Amino acid sequence: MQLQQALNTAFNASTQFSTFEQLSSFLDPTIIDTAFVESGVATVRKRRLPLEAVMWSVIGMSLFRQESVWHIANKMDIALPGKNPLVAPSAMVQARQRLGVDAVKAVFKKMAHHWYQSQRFETWNGLNLLAVDGVVWRTTDTPENREKYGSASTQHGDTSFPQIRMVCHMELTSHQLLNSTFDKYKSNEMVLAEQLIDDTPCHSLTLFDKGYYSLGLLNRWHSNGQERHWLIPAKRGLQYEVIRSLGRNDKVVKLMTTAHARKRFDDLPDFIEARLITKEIKGKTCQVLTSMVDAMRFPGNEIVELYSHRWEIELGFREIKQTMLNSEYTLRSKLPDMVEQEMWGLLLAYNLIRSAMTEAANRKGIWPNQLSFSGCSSTIVAFLMTLQLTSPGKLPILYNSLIDQLGFYQLPPRREDRAYPRWVKPKTNRYPHKKKNASQLN
């Protein structure tokens with residue numbers, strides 16, 4: 001169900017809504033109920049803070065970064081009517097504990113799958129462009145978080161905040177997240193990426209960073225589904241055997257696997273076939289490996305250029321950290337369960353914004369990543385805050401106006417000719433620098 005359809009369904013069902021019910025129309029209630037049942041938190045008891053309202057308060061923690069959780073529930077007016085117009089802070093803590101982690105995680109995954117299946121994305125030769133990459137989140141420094149997640153360490157021991165390592169799967173033209181997994185800071189990103197294989201959509205091309213080079217991972221990614229292709233830069237000193245040549249700089253090669261890799265991946269053969277493409281870009285030789293060995297369908301001169309789109313997932317991480325979290329990189333929750341609940345709520349809130357942006361971009365005939373995330377997110381948050389002042393009959397009209405307004409935040413064309421070479425910063429001196437006086441200069 002698209003967001004517009006959800007609003008129309010809500011309008012036709014009844015003419016009297018509370019603010020909570022209006023907010024619920026943005027997420028399919030059937031999916032939310034199913035997720036609650038599967039996670040074992042569904043209940044028939046009527047509370048002033050039902051689980052659906054608590055879900056929106058968790059989402060609001062990311063939309064209103066400067067507000068406390070207690071203030072968010074009151075500001076969004078999601079609690080059912082009661083004797084006291086405000087919700088007690090202790091009630092919010094208990095409500096979040098009742099909701100738990102698994103319920104928010106299930107809602108995110110089901111809604112991500114639903115949005116991906118129901119929306120139209122730009123494709124390349126019939127393949128949706130996806131990317132996998134990792135990101136690190138910082139938690140509050142509590143004994144529980146430090147024990148659960150760990151932190152970066154030096155010769156002096158653990159000296160930084162507890163951190164979470166996350167690996168995300170993103171659709172590149174819309175920046176919508178398809179899946180995510182995270183664990184303690186010192187987890188291996190390739191191991192985390194293996195947990196994304198089963199939910200990877202078919203007829204897709206996933207771009208990997210060169211740090212994910214693992215023949216076991218890439219072979220399983222390609223074989224567990226229909227047309228699940230991958231693309232990754234070739235590492236320096238790559239050992240291979242040429243099977244056949246498709247062109248001057250285009251070859252199908254044989255990559256030998258190791259006994260250790262075959263022991264870890266029982267479905268890994270002695271070798272896998274891949275396509276090695278070499279291209280000169282701005283005086284630099286670039287080589288990429290891919291599972292797309294069909295030269296007639298997948299032109300080699302386009303594949304290397306295609307890899308530049310992998311940077312879109314880095315832009316998505318920047319949108320979450322700098323725009324949604326207002327560059328306040330430390331998560332607010334103090335216990336591991338609540339930290340993970342906050343993380344899933346953050347990803348769900350990001351997809352909620354990106355879903356509306358995708359609808360606006362399709363209406364305007366452009367890619368969703370050509371819209372300004374900061375401008376669109378502030379407009380959507382303002383729209384959510386005015387729902388309590390809006391009559392149900394005007395919701396479809398106002399939503400159409402919102403989608404049209406999002407189209408005004410179109411970014412100017414990207415200047416591909418601009419380059420930002422890296423600067424080597426001078427190494428700081430370990431010893432204090434003593435300024436010379438005037439007599440020493442003569």
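As the structure is a computational prediction, the values presented were derived from the model and not from experiment.
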Distance only, no hydrogens: is a donor on one side chain within 3.5 Å (strictly under) of an acceptor on the other, for [X] and [Y]?
| X | Y | answer |
| --- | --- | --- |
| Thr358 | Gln176 | yes |
| Thr285 | Glu280 | yes |
| Gln163 | Ser151 | no |

[X]: side-chain hydrogen bond (donor to acceptor under 3.5 Å, both in side chains) partners, not counting sequence neighbours:
| X | value |
| --- | --- |
| Arg275 | Asp250 |
| Gln405 | none |
| Tyr185 | none |
| Lys110 | Glu38 |

What I want to find out is whether Arg363 reaches Asp404 closely enough, with some N-O distance under 4.0 Å, to be called a salt bridge.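 Yes, this pair counts.
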Tell me whether the centres of the aromatic rings in Tyr116 and Phe121 are closer together than 6.0 Å.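 Yes: the rings meet the under 6.0 Å criterion.
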Can you give the donor-acceptor pairs under 3.5 Å from side chains of residues 239-248 to other protein atoms, not counting sequence neighbours?
from: Gln239; atom 1: NE2; to: Gly237; atom 2: O; distance (Å): 3.4
from: Ser245; atom 1: OG; to: Gly247; atom 2: O; distance (Å): 2.9

Mind jotting down which residue pairs meet the ring pair (Phe, Tyr, Trp, His ring centres under 6.0 Å) criterion with at least one end in residues 252-301? Sequence neighbours excluded, please.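 Output for this query lists Trp124-Phe298, His229-Phe298.
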All pairs passing side chain to side chain donor-acceptor pair (under 3.5 Å) where residues 264-274 contributes a residue, at least two apart: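 Found Glu194-Arg264, Arg220-Asp267.
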Give the minimum heavy-atom separation between Asn128 and Thr123, together with the two atoms involved.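 Shortest heavy-atom contact: OD1-CG2, 2.9 Å.
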What pairs meet the salt bridge (charged side-chain N to carboxylate O under 4.0 Å, His left out) rule with one or both residues in residues 132-141, with sequence neighbours excluded?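 Found Asp133-Arg310, Asp141-Arg146.
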Tell me, which pairs form a salt bridge (charged side-chain N to carboxylate O under 4.0 Å, His left out) where one or both residues lie in residues 165-187, sequence neighbours left out?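 Non-adjacent pairs meeting salt bridge (charged side-chain N to carboxylate O under 4.0 Å, His left out): Arg165-Glu189.
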Tyr149: what forms a ring-ring contact (aromatic ring centres under 6.0 Å, His included) with it, not counting sequence neighbours?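 Testing Tyr149 for ring-ring contact (aromatic ring centres under 6.0 Å, His included), a comparison that skips the adjacent residues, returns none.
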Could you pull out all residues at least two apart from His169 that satisfy ring-ring contact (aromatic ring centres under 6.0 Å, His included)?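 His169: ring-ring contact (aromatic ring centres under 6.0 Å, His included) contacts with Trp221.
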Name all residues meeting the salt bridge (Lys or Arg N to Asp or Glu O under 4.0 Å) criterion together with Lys279; count only those two or more places apart in sequence or in a different chain, and write none if there are none.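 Lys279 satisfies salt bridge (Lys or Arg N to Asp or Glu O under 4.0 Å) with Glu305 only.
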Quick check for you: to the nearest 0.5 Å, what is the distance between Arg318 atom CZ and Lys321 atom NZ?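 Here the rounded value is 13.0 Å.
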